[in-house]
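Below, chain A is the first sequence line, B the second, and so on; all start at residue 1.
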Amino acid sequence: MDKRFVYADNSATTKISKPVLDAMMPYLTEHYGNASSIYSIGMDSARALLKARETVAKAINANTTEIYFTSGGSESDNWAIKCAADLGAKKGKKHIITTVFEHHAVLHTCQYLEKHGFDVTYVPVDPMGLVHVEDIEKAMRDDTCLVTVMFANNEIGTIQPIKEIGAVCRERKILFHTDAVQAIGNVKIDVAEMNIDLLSMSGHKIHAPKGVGAMYMRTGVNLPNLIHGGAQERSKRAGTENVAGIVGLAKAVELCTQNIEEKQARLSKMRDRIIAELLKIPESRLNGDPKKRLAGNVNISFRGIEGESLLLSLDLEGICASSGSACTSGSLDPSHVLLAIGLPHSTAHGSLRISLSDENTEEDADYIIEKVPKIVEKLRAMSPLWERILRDEDIDAEN
Amino acid sequence: MIYSEKVMDHFANPRNVGEIEDADGVGEVGNAKCGDIMKMYIKVKDGIISDVKFKTFGCGAAVATSSMATELIKGKPIEEAMKLTNKAVIEALDGLPTVKLHCSVLAEQAIHAALSDYYTRQGIDPKMILGDVAPADMCEI
């Protein structure tokens, strides 16, 4: 195939779609009024916010008054966890339950709270990358104030039993938060049916801009503020509203939650074709459950090679993807998600994540399928580790 | 993180990749757990590094520093090769991101390990000439 540009890192961020940009444009140009102002261009902005709130609420079966706009997934996660902890502490409840493979916005927030007198249980996940409800239930204590479990994992795409976890939390009267940043638009979300108290979402994963997100807070939960200041967001989240961003987020939520099943069917077919073809490469493995995963998520490890080299080589061919290697995680260790599902370090270093969106085509998949095996072969040919694997040496024993 | 054009060039077109079957010295440093291993082969003729090859498992900087290190010692007197430092590798590559500096250290160590093996094969204690070759068994960023 001729060289082409294939963006296959949609779990990292996405391109702003045309309808989203079109919806935003008036609020980036002539409708610049502050939504708190009384004159007409201010009221235009206030009306836009109201409409956006209705759209987002409807998409997850929430009430309009239960949606708060934020700067993104990380802020929503921080708000939910720190402020639920605050509420808990007032009642003498200082125990939080989460899982080992959460996004860092959750993990690092929990670690911060541990330094401030909270006790956190990190529930393990199974080798397929799934959380078990029983493990959450077993971890519950009388002083548990919050359970936070991601809806879908950002690296291996596995979809968690959120409704069931929500049910045990509701039964025990424990607040339940889910980071749904990767799930929205890929899985049907019904906050009422799924027993969710708090939910985080982000714009830039669904073809809206970066720097905008939302939080769903069930009526009656009433968390204190994370951001103090003006009376915006019904005095719950200060700061002049990012009207254009919020309008973009709402448009993106509206679009991505339409025809989810149809979109999933198309994407999961493409995903499974890529997985089947790439698993033909010797010494490769799929990370995460093959079925209970996001329709666009492929995560495969190739033994004997390192992820960053793989990504740079793919980039030279025009393909954007990501990896869980230490070099790309910016730390000493490879991805905590891949280690959590039991991969040895050396195998985790050689992982490749391809995340597709509705903008990807079958031709993109063909191109990926053509290029990846050649690159893996080239990198293996120059890898002293691959030599050892071929000699059947136990490469992980020495460490 | 940004790689210089030279780093990308040496990553995309690495020089001296491969093995030397009848090498006079072979050195390997790094480990699978940390995510980088470098293996260097040298051929010495009349006190000159007449040939050098490498194989590397690791990130873009690991490949580029290996490639550049081989270029810097190829055809040079062995005494000069001994003096190769990670700084020289960094400079020749127009710099490295801070988090990748350890790759240049690994490249220096790999060259020294190959030279050390060469001296051992010659019946000379490499410590007398090279001093202690630092082990690279800790993962670093």
Heaviest contributor of heavy-atom pairs below 4.5 Å to chain B, chosen from A/G307, A/S383, A/S309, is A/S309
Which residues in [range] have any heavy atom lying under 4.5 Å from a heavy atom of chain A?
range	result
residues 67-83 of chain B	none
residues 90-97 of chain B	none
residues 1-25 of chain B	B/M1, B/Y3, B/M8, B/F11, B/A12, B/P14, B/V17, B/E19

Once rounded to the nearest 0.5 Å, what's the spacing between atom [atom1] of [X] and atom [atom2] of [Y]?
X	Y	atom1	atom2	answer
A/R380	B/F57	CZ	CZ	11.0 Å
A/E387	B/E28	CD	CD	7.5 Å
A/S346	B/N31	OG	CG	9.5 Å
B/C34	A/E306	SG	CD	11.5 Å
A/L379	B/T56	CG	OG1	11.0 Å
B/K55	A/L385	NZ	CG	11.0 Å

Counting only heavy atoms not in A/E393, do more than 12 sit closer than 6.0 Å to its CD atom? yes
Sort [X] into side chain, backbone, both or neither according to what part of it lies under 4.5 angstrom from a heavy atom of chain B.
X	answer
A/I305	backbone
A/S313	both
A/A348	neither

With sequence neighbours excluded, tell me which residues meet side chain to side chain contact (heavy atoms under 4.5 Å, CB included) with A/T109. A/N78, A/I81, A/K82
Please classify the contact between B/A61 and chain A as side chain, backbone, both or neither, with a heavy-atom cut-off of under 4.5 Å. backbone
